[in-house]
There are 2 protein chains.
Amino acid sequence: MVLEELLEQLKKIGIRLTPQRQEIMLVLVERFQEGGPPLSADEITRHVRMRYPGISLDTVYRTLATFTKEGLVRELQFRDHSRRFELVRKGEHHHHLVCLSCGNIKKIPYCPEDCLERTRECYPEFEIKDHSFNVYGYCPKCRED
Amino acid sequence: MVLEELLEQLKKIGIRLTPQRQEIMLVLVERFQEGGPPLSADEITRHVRMRYPGISLDTVYRTLATFTKEGLVRELQFRDHSRRFELVRKGEHHHHLVCLSCGNIKKIPYCPEDCLERTRECYPEFEIKDHSFNVYGYCPKCRED
DNA sequence: ACACGTTATAAGAATTATTCCTATCTAGGA
DNA sequence: TCCTAGATAGGAATAATTCTTATAACGTGT
Ligand SMILES: [Mn+2]
Ligand SMILES: [Mn+2]
Ligand SMILES: [Zn+2]
Ligand SMILES: [Zn+2]
């Protein structure tokens, strides 16, 4: 049902509902439902190719850019220079705790709203659109060096 | 004096104090003193080449990695995929407000310590080392599209 | 001051992630 | 069914970063 809802949203936006786009959306929705970590473009491509062996990497990147522009997807950038993508769901907002050793990612259910507000007050002429909050460290597994 | 202090620190660490490293450190210190935004590897290289025309990009990257590992430099990753570097000074801690259009960067003097604490409580088995907080939007100049 | 071993450097090749190019295809409206 | 703007595949191009290797030089110990 989440998928149908999102495909409907895509249709409303006015972009073409190609099979490639549907499949990419499906992969993102599945990951969201499992509660797993955000996906890299490469991981998404590998998943999509199980059904669409011919899809080009360029299409995946282009589609992710489109979804991001339309607010359906959020693009994340972590300290190891990895770029990842995850579904955006209204009413759900979280940040990320990342292991510096294995890359393991956990959700942080808190948001620095107070800092955001103070930043707004500090720079009232700046039109704030978004923010990121990442915490880095070593996961239980990696602490046992 | 900041520079001398830092070079002293480098010596203490036990790595060789080459002219290249001194010059890179100088560039970082100057930028810190102006209060300007963090520098990209390319910007640092261009500055250093005014005095050391022959320095290789690889040396700049290697040196920045060394400084970062030793805690003298902080590496930042922004949403436009730009990687930047800034001097770390004890007792000084800030975050960044970034213009999505022109890349203009301002310092945010607030830190989400409460979120950090709650994250610690939420994942007590995770050894937290660091964090990032970035705010994105449009600067006054870029708002007049 | 000198010699030596270790570590750092320059230069260019290699790697990797991402975007561009262009000919071809197709989703969806008429 | 037809038409066309918009999307795709595939490969080339780009850009940032890292690797390789031969040479250079820092700084400890003589
Ligand atoms: Mn997430
Ligand atoms: Mn800064
Ligand atoms: Zn880990
Ligand atoms: Zn701007």
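Every chain is numbered from 1, with letters handed out A, B, ... down the list of sequences.
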Side-chain N or O of Arg62(B) closer than 4.0 Å to phosphate OP1/OP2 of dT9(C) | yes
Given atom CZ of Arg83(B) and atom C1' of dA15(D), what is their separation to the nearest angstrom?
-> 14 Å
Nearest-angstrom distance from the residue atom CG of Leu64(A) to C1' of dA7(D) = 15 Å
Per the under-4.0 Å heavy-atom filter, residues of residues 37-53 of chain B near DNA chain C come out as none
Flag, side chain of Arg83(A) to backbone of Glu75(A), donor-acceptor distance under 3.5 Å | no
Whole-Å distance, Ile55(A) CD1 to dT26(C) P, equals 14 Å
In this structure, CG of Leu17(B) is separated from CD of Glu8(B) (nearest 0.5 Å) by 9.0 Å
Below 6.0 angstrom between ring centroids: does that apply to Phe133(B) and His96(B)?
-> no
Taking NZ from Lys69(A) and P from dG6(D), how many angstroms apart are they, rounded to a whole number?
-> 12 Å
Do His95(B) and His131(A) have ring centroids that are under 6.0 Å from one another?
-> no
Going by an N to O cut-off under 4.0 Å, is there a salt bridge joining Arg84(A) and Glu43(A)?
-> yes
N or O in side chain of Thr59(A) less than 4.0 angstrom from dA9(D) OP1/OP2 = yes
How many Å lie between NE2 on His81(B) and C1' on dT16(C), as a whole number?
-> 15 Å
Is Leu76(B) linked to Leu116(B) within one hydrophobic cluster, defined over Ile, Leu, Val, Met, Phe, Trp and Tyr using a side-chain heavy-atom separation of less than 4.5 Å?
-> no
Strand contacts (DNA chain D) in residues 6-28 of chain B, 4.0 angstrom heavy-atom criterion | Arg16(B), Leu17(B), Pro19(B)
Check nucleotides 19-22 of chain D for protein N or O atoms closer than 3.5 Å to its own N or O atoms and list the pairs.
unit_1, atom_1, unit_2, atom_2, d
dC19(D), N4, Asp58(B), OD1, 3.1
dC19(D), N4, Asp58(B), OD2, 3.2

Inspect the surroundings of CZ in Arg89(B) and state if more than 12 heavy atoms from other residues, nucleotides or ligands are less than 6.0 Å away.
-> yes
Is a salt bridge present between Glu34(B) and Arg31(B), judged by a nitrogen-to-oxygen distance below 4.0 Å?
-> yes
Identify whether the distance between the nearest side-chain nitrogen and carboxylate oxygen of Arg120(B) and Glu117(B) falls below 4.0 Å.
-> yes
Ignoring hydrogens and angles, state whether a donor on the side chain of His93(B) or Glu113(B) is under 3.5 Å from an acceptor on the partner side chain.
-> no
Between the side chains of Ser56(B) and Asp58(B), is a donor N or O closer than 3.5 angstrom to an acceptor N or O?
-> no
For Leu57(A) and dC20(C), give me the distance from atom CG to atom C1', rounded to whole Å.
-> 14 Å
